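Source: prediction; values computed, not measured.
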Amino acid sequence: MKPLDKVAEAYYGGMGDQFSRKTRERIHWICSKVTGGTVLDIGCSQGIAELILAREGKKAVGIDIEDSVIAYANEALQNQSDSVKRNVEYFVSSVFDYENNEKFDTVILTEVMEHFTSSSSLLQKVKSFLVEDGTIVITVPFGINDYFDHKKTYYMLNLVEELEPYFEVKEIKFFGKWIGVVGRNTADPASGSVEITRDLTSRLEEAFFAIERSTVDDLNAKIKLIDQLNTRVNENREKLASVQRENEKLKSIITQLENENNKFMQVGKESINQNELDETVKHLSSSLSACKERVEELEEVVEEKNKELLRRLDSEEQTLKKYKESIFDYNQLEAKYANVSKKYNLLSNAKLGRLTLKYWKLRNRIPEDF
């Protein structure tokens with residue numbers, strides 16, 4: 001299955017300004033090299049070249065093996081003028097299945113050759129579509145391109161050598177990560193092919209430099225991004241450690257509350273008819289249970305933050321928000337603890353409470369300074 005090309009969307013700016021400029025440059029160059037009045041575009045994708053050529057009065061046929069891109073092309077054609085509609089046809093077909101009784105003045109073969117392990121049968125078929133002295137316009141990716149459906153890497157020389165048995169190579173053009181060739185259909189293709197001159201070599205080296213520069217810049221940008229992400233990871237780890245320390249403090253508070261609760265529970269068991277004390281103990285137990293539940297919730301929050309840090313390095317803002325919520329909850333627990341302590345003090349000041357404490361102090365069951 002051929003990958004879905006989106007050349008029309010790229011041409012109209014739907015895939016970013018920079019990519020759009022490069023796409024328009026390549027398509028305009030292809031259309032500018034067309035000669036004669038009839039054109040066959042093999043692997044036409046979404047059919048933008050046919051619309052451009054038809055507006056210039058040429059009859060253009062586009063073929064592609066993907067019915068989805070041909071459907072897109074036909075839909076776009078319906079929005080054109082009547083003269084353009086009359087001059088354009090699209091077909092779902094491979095290059096080997098397409099048949100036409102008439103030959104074409106120009107054949108366009110863009111980003112097709114790299115999908116073949118051997119180009120001989122393809123170029124023979126393409127040659128059969130051309131009139132004598134007809135023009136062929138070819139583009140392929142320039143250099144290494146690890147796209148999953150690409151079966152071959154093209155540089156200048158191996159591309160020219162593949163074309164020379166079938167076409168006279170007249171012009172070579174570099175477009176960043178693409179290379180374009182204009183050829184002529186002749187009986188003796190190699191006799192007039194372009195020479196590898198100093199100027200051509202210079203343009204080849206400039207193209208290599210542009211690709212290398214872009215590759216180095218991309219690599220440096222990724223290294224910088226990795227450094228930034230590592231910094232953010234370290235910052236988030238420090239914040240997580242702070243949240244965990246706060247959680248330990250909360251656990252300590254809970255332990256203290258449990259101890260106090262156990263003391264009051266013991267007093268409640270040993271005392272007779274101490275209804276007020278029993279009510280206080282009951283309230284403290286309820287408060288302790290609520291505190292435990294909240295601590296469990298906070299532990300779940302901490303665990304979720306751990307997972308979030310590993311899953312997404314860019315979640316700093318969300319992690320900080322949860323940290324603030326934990327601090328708020330901690331302050332709420334401090335307030336609850338202060339309220340519990342206040343009630344304990346009130347109990348200590350109550351007459352019945354003081355008698356109970358004095359009784360246990362006399363029996364040395366609790367310290368004198370308790």
Checklist entry - What pair of heavy atoms forms the shortest contact from Ile144 to Thr153, and how long is it? => result N-CG2, 3.7 Å

Checklist entry - Glu162 and Tyr154: side-chain donor and acceptor closer than 3.5 Å? => result yes

Checklist entry - Do the rings of Phe129 and Phe104 sit parallel, tilted or perpendicular, given the 30° and 60° boundaries? => result perpendicular

Item to check | Qualifying ring pair (Phe, Tyr, Trp, His ring centres under 6.0 Å) pairs, either residue in residues 39-65, two or more places apart | outcome: none

Checklist entry - Any Lys/Arg nitrogen of Glu246 or Lys249 sitting under 4.0 Å from an Asp/Glu carboxylate oxygen of the other? => result yes

Checklist outcome for this item: Heavy atoms of Val169 and Glu164 approach each other most closely as CG2-CG, 4.4 Å

Item to check | Charged N-O contact under 4.0 Å between Lys125 and Glu99 | outcome: yes

Checklist entry - What's the spacing between Gln18 CD and Thr23 OG1 if we round to 0.5 Å? => result 10.5 Å

Item to check | Single hit among Val181, Ile136, Val182, Thr186 for side chain to side chain contact (heavy atoms under 4.5 Å, CB included) with Phe167 | outcome: Ile136

Checklist entry - Does some side-chain heavy atom of Lys127 sit less than 4.5 Å from a side-chain heavy atom of Gln124? => result no

Checklist entry - Mind checking whether His150 and His115 have parallel, tilted or perpendicular rings, split at 30° and 60°? => result perpendicular

Checklist entry - Given side chains that start at C-beta, do those of His28 and Tyr11 come closer than 4.5 Å, heavy atoms only? => result yes

Checklist outcome for this item: Smallest heavy-atom separation, Thr35 atom then Asp105 atom, equals O-CB, 3.3 Å

Checklist entry - Parallel, tilted or perpendicular: which fits the ring planes of Phe96 and Phe116, with parallel below 30° and perpendicular above 60°? => result perpendicular

Item to check | Side chain to side chain, Arg55 and Gln80, heavy atoms closer than 4.5 Å | outcome: yes

Checklist outcome for this item: Hits for ring pair (Phe, Tyr, Trp, His ring centres under 6.0 Å) against Tyr166, two or more places apart or cross-chain, chain-then-number order -> none

Item to check | Sub-4.5 Å side-chain heavy-atom contact between Leu159 and Ile172 | outcome: no

Checklist entry - Under 3.5 Å, is there a donor-acceptor pair between the side chain of Ser93 and the main chain of Tyr98? => result yes

Item to check | Results of salt bridge (charged side-chain N to carboxylate O under 4.0 Å, His left out) for Glu102 - residues two or more places apart only | outcome: none

Checklist outcome for this item: Between Met113 and Ile138 the two heavy atoms that sit nearest each other are SD-CG2, 3.8 Å

Next on the checklist: Tell me if the CD atom of Glu248 is crowded by more than 12 foreign heavy atoms within 6.0 Å.
Outcome noted: yes

Checklist entry - Shortest non-hydrogen contact from Thr139 to Gly180? => result CG2-CA, 4.0 Å

Item to check | Over all atoms of both residues, closest heavy-atom pair of Gly36 and Lys58 | outcome: O-NZ, 3.0 Å

